[in-house]
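Letters A, B, ... mirror the listed sequences (proteins, then strands); counts begin at 1.
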Amino acid sequence: MTAFLLQQLVNALTIGAIYALIALGYTMVYGVLQLLNFAHGALFMLGAYVAFYLMASAVGPVGGTIGIIGLTVLYFGTFAIVGALGVGIERVAYKPLRDSSRLAPMLSALGMDIILRNAVQVLVGPQPIAFPPLIDRAPHDVGGVYFNDLNIEIFIGAVLLMVLLHLFVNRTRLGIQVRAVSESRLISQLLGVNIDRAISIIFFIGPGLGAVAGIMYSSYYGVMTFSMGIIMGIKAFTAAILGGIGSIPGAMLGGFILGIIETFGAGFLPLLSGGAIGSEYRDIFAFAILIIVLIFKPAGIFGEAVTEEATVYKRDF
Amino acid sequence: MHDQPIERLATTRSRRLPAAGLASTAVIVLATIAAVPLLETYQIRVINDVLIYALLASALNIVIGYAGLLDLGFVAFFAIGAYSYALLDSPFFGVHLPFIAALALGAAFGAGAGILLGIPVLRLRGDYLAIVTLGFGEIIRILLNNVDALTNGPKGIMRLYTPELFGWTLSTPQDFYFLLLGLVAIVFTLVYRLEKSVLGLAWAAIREDQDAARGIGINTTFAKLCAFSTSASIGGLAGVIFAAYQRFVSPESFTFDVSLLIALIVVAGGIGNLVGVLVGAIILVVLPEALRGYDQYRMLIYGIVLVLIIMARPRGIVPRRYGIEWALRMLGWK
Amino acid sequence: MSFAFDNVSKNFGAVVAIREVSLTFEPGRIYSIIGPNGAGKSTLINMAAGSYSVTSGDILLDGRRLTALKKYQISRAGIARTYQNIRLFDHMTALENLEVCLYREQIGHVVAEILLPARSRALKADRTARSMEALRRFGLEAYGEQPATSLPYGSQKLLEIARAIMTQPKVLMLDEPAAGLNMSETAELREKLVAMRSDGLIMIVIEHDMNLVMSISDHIYVLHQGRTLAEGSAADIQSNKDVQEAYLGSAGELDEIKRSVVGRQNRVRIRLDAGVVRHRSRGVSR
């Protein structure tokens with residue numbers, strides 16, 4: 001039993017790390033623009049595809065492992081490319097609508113999601129494509145618990161990125177400005193912070209992290225499809241809400257919690273139901289968590305509840 | 001002075017229908033009937049597609065356009081209706097319900113699902129509601145794909161029975177053409193009357209300022225549930241017809257993209273405007289047919305269209321003033 | 001019919017906004033609640049209407065605890081209010097803003113309304129007739145078909161009051177109805193308010209315009225720092241030392257105003273605002 005639990009923990013931490021990365025992008029954008037960036041899932045998906053083609057153009061036929069150095073270069077390269085795309089999308093599709101109704105930017109984001117997903121489908125084809133593991137998958141056996149370098153790499157890689165992000169928004173001047181804008185756009189403006197630049201940075205980092213998460217996800221599951229972003233978008237939202245939407249530590253925590261609940265839940269389902277319900281239903285866990293959190297504690301763990309005073313003055317939505 | 005009493009007499013007795021309105025409507029009805037032998041079967045199929053989407057979009061319009069709620073998982077109700085027909089009228093379970101019963105049940109299941117989903121979800125803020133409904137749509141698709149015992153999984157359910165309505169067997173696209181035309185006319189009428197009713201007023205108030213609406217005694221949760229379940233029941237109804245038309249259902253037909261397309265028709269055509277819904281359905285269904293060879297680009301083009309429309313005409317293509325009232329005036333009914 | 005705040009307290013986190021306030025109201029009278037800014041007047045209305053929760057104490061309408069009810073239930077129980085910062089249904093016409101108030105009555109017949117044309121015509125006619133009559137009472141009938149947001153500011157304020165009355169409330173709470181109105185608009189408002197007095201209605205007005213307050217109120221409650229400072233008729237309040245101190249800081253300034261008023265034909269408009277006195281007569285500001 002202990003081995004089984006520890007095994008689940010290994011899986012949970014791995015997938016939780018990925019969820020944390022993708023939730024970060026979601027939460028940062030929401031924090032600053034109160035916009036649910038529906039295109040975020042597509043950017044996650046794009047991370048995998050862009051990485052694949054980077055590798056293909058660099059080393060020819062894609063497959064096997066590429067070592068730590070190669071991996072780091074791949075991550076940063078993809079981060080930069082998808083991050084730049086994120087900035088572009090914000091300028092073109094969201095910025096002009098910044099002061100419109102709340103509905104307009106959401107619909108624009110939906111449009112961008114459709115465009116990105118279908119552009120990939122058109123360019124590459126609808127079939128799933130095998131994605132190499134990038135890291136040696138030879139399993140290590142520690143007391144009946146199997147894990148491989150891929151688990152370690154994903155976990156450590158994600159945590160490193162989160163540490164870097166934390167340092168950036170807490171220790172650098174630019175990062176603190178970004179955080180300020182994320183908390184209150186108006187006051188930051190009054191203090192002379194360059195809002196557009198801060199927003200662009202958020203749209204560089206958020207999608208960038210999502211893209212790296214996409215690479216990790218595809219290398220872990222061995223496959224990438226153009227539609228894998230839809231469900232991941234929902235999970236990213238769930239993790240972000242769980243931790244408190246708008247909160248960066250919240251997204252990190254939420255991602256791991258989601259990973260744990262989902263993995264243990266899906267792991268135990270077949271046991272509990274005598275095989276009647278299989279683990280294909282793991283995705284439904286995320287949804288169930290989402291509904292429960294939104295009904296009972298919509299502010300999440302670190303979030304702020306909407307104040308009473310806010311309801312007395314007219315609000316959009 | 002002396003014609004006043006006659007006027008009053010005319011309005012207090014039965015209302016006399018305007019001759020112009022009757023005449024123009026009769027012309028339109030005759031035209032739609034006469035068109036059938038003149039059109040190729042392929043063209044009739046396209047029109048049927050337009051009508052089904054118009055039906056779906058008129059339903060979603062109640063939620064997005066009237067009540068102001070963004071539902072991104074509408075395909076779920078469509079799927080529930082379609083699969084209810086597949087289960088109740090096919091060799092899969094060997095059940096064969098009369099078509100009328102299947103239609104009623106499809107609408108009922110849709111409404112039920114709408115209420116079940118609505119109760120926990122309608123209290124959420126607008127953006128959260130969007131994601132949650134999106135999730136619900138995906139959950140339904142996952143269930144359809146995996147609960148093989150009920151749905152036959154990805155293989156879908158085939159050889160659905162041909163529907164029969166009071167002795168009239170619907171087997172050709174032409175048959176469905178008439179059924180759909182009739183249904184669209186009925187549903188559009190009912191939805192329009194809903195918009196003009198006191199419930200429609202409440203929805204408008206909720207859209208404007210939900211809290212102030214509560215302040216004048218509107219039970220906003222109930223009103224939103226009404227919007228949700230009405231639109232869901234129409235979605236279920238459309239699902240039944242779709243399944244009977246295709247004689248086959250599979251999870252493939254009920255993806256997120258379908259929810260998006262229906263939302264796109266509402267938003268691009270003209271939010272809250274039934275004429276816009278019709279125009280949107282025509283444009284978004286017919287246009288890709290014109291680009292037959294570029295089928296794979298269809299969704300891509302939709303996405304680009306959506307973004308462009310949101311930027312340029314956020315309220316949609318058809319302006320609000322060209323709504324049903326304008327159409328009725330044009331036809332001579334007012 | 002009775003309406004009361006029973007030992008009500010309200011905290012916003014560590015901030016105590018209302019401290020054990022008890023107020024009673026009787027039908028057929030116009031009450032005013034006055035006090036310097038921040039005294040907690042709007043908070044009282046918000047609690048009664050259900051926008052704010054009550055930290056302790058109760059708000060009772062005919063013995064029924066409003067604190068146990070949802071917002072729309074409070075409205076249906078007979079509470080109506082206007083907002084400090086007008087909250088009309090902006091893009092709906094003035095007429096529709098009033099028609100929608102009849103939702104409570106007519107929603108029961110909505111299925112008939114949809115299916116039976118004759119019924120729907122009757123219901124619609126009823127709505128329109130009653131709403132037009134309400135508009136006429138407030139002199140707004142010319143604006144019937146215009147979007148609410150396009151009305152002049154003063155008319156919007158009146159429309160909001162008309163909407164509140166449309167629900168046939170037992171208690172009508174007006175949050176600074178004269179804010180932003182000029183002299184003639186305020187006079188018009190005064191007329192309308194006095195005309196609305198009726199046996200089955202409790203009117204509660206929160207205001208800073210002392211002329212208006214003193215001229216229409218049957219009873220005044222003065223709030224200061226979350227507590228009831230004083231209550232009584234207009235005369236009582238005007239001569240109450242505590243009130244003068246809370247508003248004015250000293251008795252002397254009020255005497256000066258009284259002196260400048262005596263013998264003048266034109267009205268002197270006084271604003272008492274957080275301890276600072278401003279008065280203006282015939283365009284000369286002092």
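For a residue to count as touching a neighbouring chain, one of its non-hydrogen atoms must lie under 4.5 Å from one of that chain's; by this rule B:Val267 touches chain A with the side chain only. Using a 4.5 Å cut-off between heavy atoms, B:Leu72 touches chain A through its side chain atoms alone. Heavy-atom distances place both the backbone and the side chain of B:Ile304 under 4.5 Å from chain A. Heavy atoms of A:Leu35 lying under 4.5 Å from chain B are absent altogether. In this structure, chain A has a heavy atom under 4.5 Å from the side chain of B:Asp257, while its backbone stays farther away. Of the atoms belonging to B:Ile206, not a single heavy atom falls under 4.5 Å from chain A. Looking at B:Val121, the atoms closer than 4.5 Å to chain A (heavy atoms on both sides) all sit in the side chain, from C-beta outward.
Separation of atoms CZ (B:Arg141) and CD1 (A:Ile231) is listed at 6.0 Å; rounding is to 0.5 Å. For the atom pair CG of B:Asn146 and CD1 of A:Ile284, the computed distance is 8.0 Å after rounding to the nearest 0.5 Å. B:Leu129 contributes atom CG, which lies 10.0 Å from atom CG of A:Leu294 (distance to the nearest 0.5 angstrom). Atom CG of A:Asp113 is separated from atom CG of B:Leu260 by 7.0 Å, given to the nearest 0.5 angstrom. To the nearest 0.5 Å, atom CD1 of residue A:Ile114 and atom CZ of residue B:Phe256 are 7.0 Å apart.
Interface remark: of the candidates A:Val122, A:Ile291, A:Leu97, A:Val122 forms the most heavy-atom pairs closer than 4.5 Å to chain B. Most heavy-atom pairs under 4.5 Å with chain A: of the set B:Ile271, B:Val305, B:Val147, B:Leu308, this distinction falls to B:Val147. Considering only heavy-atom pairs separated by less than 4.5 Å from chain A, the leading option among B:Ile131, B:Asn145, B:Val307 is B:Ile131.
Of all heavy-atom pairs spanning A:Ile115 and B:Leu300, the tightest one is O-CD1, 3.4 Å. The two atoms that bring A:Ile234 and B:Gly135 nearest to each other are CD1-CA, 3.5 Å, heavy atoms only. Minimum interatomic distance between B:Met311 and A:Ala93 (heavy atoms only, all atoms of both residues): CE-CA, 3.2 Å. Residues A:Ser108 and B:Ile310 share a closest heavy-atom pair of CB-CG2, 4.2 Å.
Looking at B:Leu264 and A:Leu110, their side chains never come closer than 4.5 Å, going by heavy atoms from C-beta outward. With contacts defined as side-chain heavy-atom distances shorter than 4.5 Å, the pair A:Ile295/B:Arg123 qualifies.
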Using side chain to side chain contact (heavy atoms under 4.5 Å, CB included), reason through B:Ile309 and A:Leu107 one step at a time and then give a plain yes or no.
CA-CA 10 Å; B:Ile309 287 187; A:Leu107 293 171; over 6 Å; no
B:Arg298 and A:Asn118: CA distance, side-chain angles, deciding distance, side chain to side chain contact (heavy atoms under 4.5 Å, CB included) verdict:
CA-CA 9 Å; B:Arg298 187 208 296 224; A:Asn118 287 279; over 6 Å; no
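More than 12 heavy atoms of other shown residues, nucleotides or ligands fall within 6.0 angstrom of atom OH in A:Tyr221. Counting non-hydrogen atoms of other residues, nucleotides and ligands closer than 6.0 Å to OH of B:Tyr322 gives a total of 12 or fewer.
Note on ring orientation: taking the six-membered ring where Trp is involved, the planes of B:Tyr128 and A:Phe237 are perpendicular (angle over 60°, cut-offs 30° and 60°).
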